[in-house]
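Read the structure below first, then the notes.
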Amino acid sequence: MAPRSVTREQLAGAARAAVGGGRRLEAVERVGGGSKKGVYRLVMDDATTAIAYLWDDAENYWPASEGDGDLTDPFSPGLGLDLFEAAHARLDALGVRVPALRLADRDGAHCPAGLAIVEDLPGESLEELLARDRRAAAPVMDRLAESLEAMRGHRAPAYGKAAVVEGGGTSRGTSCEGVVLDRALRDLTEAALRDPRIAGARDRLEERLLSLAAAVRPRAEYAVVHGELGPDHVLVDGDGSPVVIDIEGLMYFDVEWEHVFLRIRLHDAYRPLAADGLDEDRLALYMLAQRLSLTAGPLRLLDGDFPDRALMAGIAEYNLKQALELVHA
């Protein structure tokens, strides 16, 4: 299947430049799961494969929102080759396994869309491995814990997207908890417009958010976090090492944000990744904020033409109920 906005001929030229050896592009296969960029497996005539990432409006299922392109907002969409390259370089420098970068087309030599070609890792995701064999996943989880510790150990005196912080820029707001609170209040407003149960509990949810935020003490250093590190964003290579993907949202932020997301996604499988010394006040605020985000975000995505509608509706429903439990307890 060819992408909607880039021709097969353009991808063929990029593939030849990326993998070399006189190979010819045989097939282009869409890889499922992406909502912000196109992900395609490139199959060459000698069965060599690579993965193409395409950042193009036609590949982005999310409805446009005001401020989408504002990189000073840590939570603005992680879109584009610049963010990908900055995140790739940072994680690689920390010893965190990411797919090897074969080609970055930043000057439009091959196609008008942002394009990167990376190593293909055709095995299981960590999500699939955990579902199949929890015991076999144990050493992968241990290595992922080591990667998380390396990320946590790399600090900066400012928060925000990795590309912004490392470029000397300044992010909006005055603190991570302040940015999270503002975003959670926006998510609450959006979710209340789309579901009467949230609308009915809106005052209680807002009061709880404000109370939790007020309890958080200031912090002056921030760690490297992926931002959406679910088990579907970790592949397992042939050596059993975790390989982190969908990295464009990499940022310097409170490490508690990462661990709340991991807890939500992994449930009881999270235990091997648990870290000492996390701030309980931040964990409480970020848990409610993420439940609201995982309600409002999927509902917003369903305003567009995202194909796997049942999946997104299920995510929204589950997290909506979890958010309500946090104020009904």
Side-chain angles (χ1 to χ4, degrees), residues 33 35-36 60-68 70 73-78 172-173 175-216 225 227-233 246 249 251 253-254 256-267 270 279-329:
S35 63
K36 296 178 182 176
N60 185 1
Y61 285 105
W62 288 87
S65 297
E66 185 179 351
D68 277 356
D70 181 7
D73 178 358
F75 293 118
S76 64
R172 68 164 60 180
S175 66
C176 291
E177 62 271 19
V179 171
V180 168
L181 176 61
D182 288 346
R183 180 185 191 230
L185 292 171
R186 292 195 302 271
D187 286 333
L188 175 57
T189 297
E190 290 203 16
L193 290 172
R194 291 174 171 85
D195 192 283
R197 291 167 294 176
I198 293 290
R202 180 172 179 175
D203 289 346
R204 293 194 303 277
L205 287 162
E206 181 173 340
E207 182 180 351
R208 180 63 61 86
L209 285 169
L210 293 171
S211 173
L212 292 172
V216 175
V225 304
E228 293 184 336
L229 192 58
D232 54 331
H233 290 165
D246 284 344
M251 57 185 174
F253 211 72
D254 285 336
E256 288 84 2
W257 184 260
E258 191 95 285
H259 281 270
V260 165
F261 194 84
L262 286 163
R263 289 180 184 184
I264 288 173
R265 291 300 314 277
L266 288 166
H267 305 286
Y270 164 77
D279 184 325
E280 293 297 329
D281 291 328
R282 281 182 168 79
L283 291 171
L285 171 63
Y286 294 172
M287 178 61 75
L288 180 52
Q290 290 206 29
R291 292 299 188 190
L292 290 170
S293 175
L294 290 167
T295 302
L299 291 177
R300 186 165 60 248
L301 190 57
L302 289 172
D303 289 344
D305 59 353
F306 185 74
D308 197 345
R309 305 187 71 77
L311 171 67
M312 282 298 144
I315 292 172
E317 181 66 17
Y318 176 77
N319 286 284
L320 184 154
K321 291 178 178 177
Q322 293 294 313
L324 293 178
E325 284 189 12
L326 289 172
V327 294
H328 290 154

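Note that the numbering runs from 1 along the sequence shown for the chain.
- Counting only distance, with no hydrogens or angles, the side chain of R208 and the backbone of L326 share a donor-acceptor pair below 3.5 Å.
- Looking at every heavy atom in both residues, P298 comes nearest to I315 through CG-CG2, 3.7 Å.
- For the pair R183 and D73, the salt-bridge criterion is not met [side-chain N within less than 4.0 Å of a carboxylate O].
- When all heavy atoms are compared, the tightest approach of L209 to A289 is CD2-N, 4.4 Å.
- For the atom pair L181 CG and R186 CZ, the distance stands at 10.0 Å (nearest 0.5 Å).
- The CG atom of L283 sits 13.0 Å away from the CG atom of L288 when rounded to the nearest 0.5 Å.
- Note that the CE atom of M312 and the CG atom of L294 stand 9.5 Å from one another [nearest 0.5 Å].
- A 4.5 Å side-chain heavy-atom check between V216 and Y286 finds every atom pair outside the cut-off.
- Side-chain contact check for T295 versus D187: every heavy-atom pair is 4.5 Å or farther apart.
- Annotation for A323 and L205: closest pair O-CD2, 3.8 Å, computed over non-hydrogen atoms.
- Across all non-hydrogen atoms, the minimal contact from E258 to G227 is OE1-N, 2.8 Å.
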TODO: Show the numbers, then the answer: is there a side-chain contact (heavy atoms from CB on, under 4.5 Å) between R282 and W257?
DONE: CA-CA 8 Å; R282 281 182 168 79; W257 184 260; over 6 Å; no

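- Side-chain atoms of R309 come within 3.5 Å of backbone atoms of L302 as a donor-acceptor pair (strictly under, hydrogens ignored).
- Under a 3.5 Å cut-off, the side chain of E256 and the backbone N or O of D279 do form a donor-acceptor pair.
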Check: Going through the checks in order, is the side-chain contact (heavy atoms from CB on, under 4.5 Å) test met by D281 and L212?
Finding: CA-CA 7 Å; D281 291 328; L212 292 172; over 6 Å; no

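- Side-chain contact check for L193 versus I198: every heavy-atom pair is 4.5 Å or farther apart.
- The backbone N or O of N319 lies less than 3.5 Å from no partner atom in the side chain of Q290, so there is not a single donor-acceptor pair.
- The distance from the CE atom of M287 to the CD atom of Q322 is 8.5 Å, given to the nearest 0.5 Å.
- Using a 4.0 Å cut-off between a side-chain N of Lys or Arg and a carboxylate O of Asp or Glu, K321 and E317 qualify as a salt bridge.
- For P74 against R172, the heavy-atom pair with the smallest separation is CD-CG, 4.4 Å.
- Atoms OG and CZ, on S293 and R300 in that order, are 7.5 Å from each other to the nearest 0.5 Å.
- Listed here is the closest heavy atom pair of L229 and L262: O-CD2, 2.9 Å.
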Given the rule in the side-chain contact (heavy atoms from CB on, under 4.5 Å) test, do L324 and L320 qualify, once you have shown the distances and angles that lead to the verdict?
CA-CA 6 Å; L324 293 178; L320 184 154; 3.6 Å; yes

request  = Go through I264 and R291 one step at a time and tell me if the side-chain contact (heavy atoms from CB on, under 4.5 Å) criterion holds.
outcome  = CA-CA 9 Å; I264 288 173; R291 292 299 188 190; 3.5 Å; yes

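- Between H267 and Y318, the ring-plane angle classifies as perpendicular under the 30° and 60° cut-offs.
- Side-chain contact between D303 and R194: present, with at least one pair of heavy atoms (C-beta onward) separated by less than 4.5 Å.
- Between the D195 side chain and the A191 main chain, no donor and acceptor come within less than 3.5 Å of each other.
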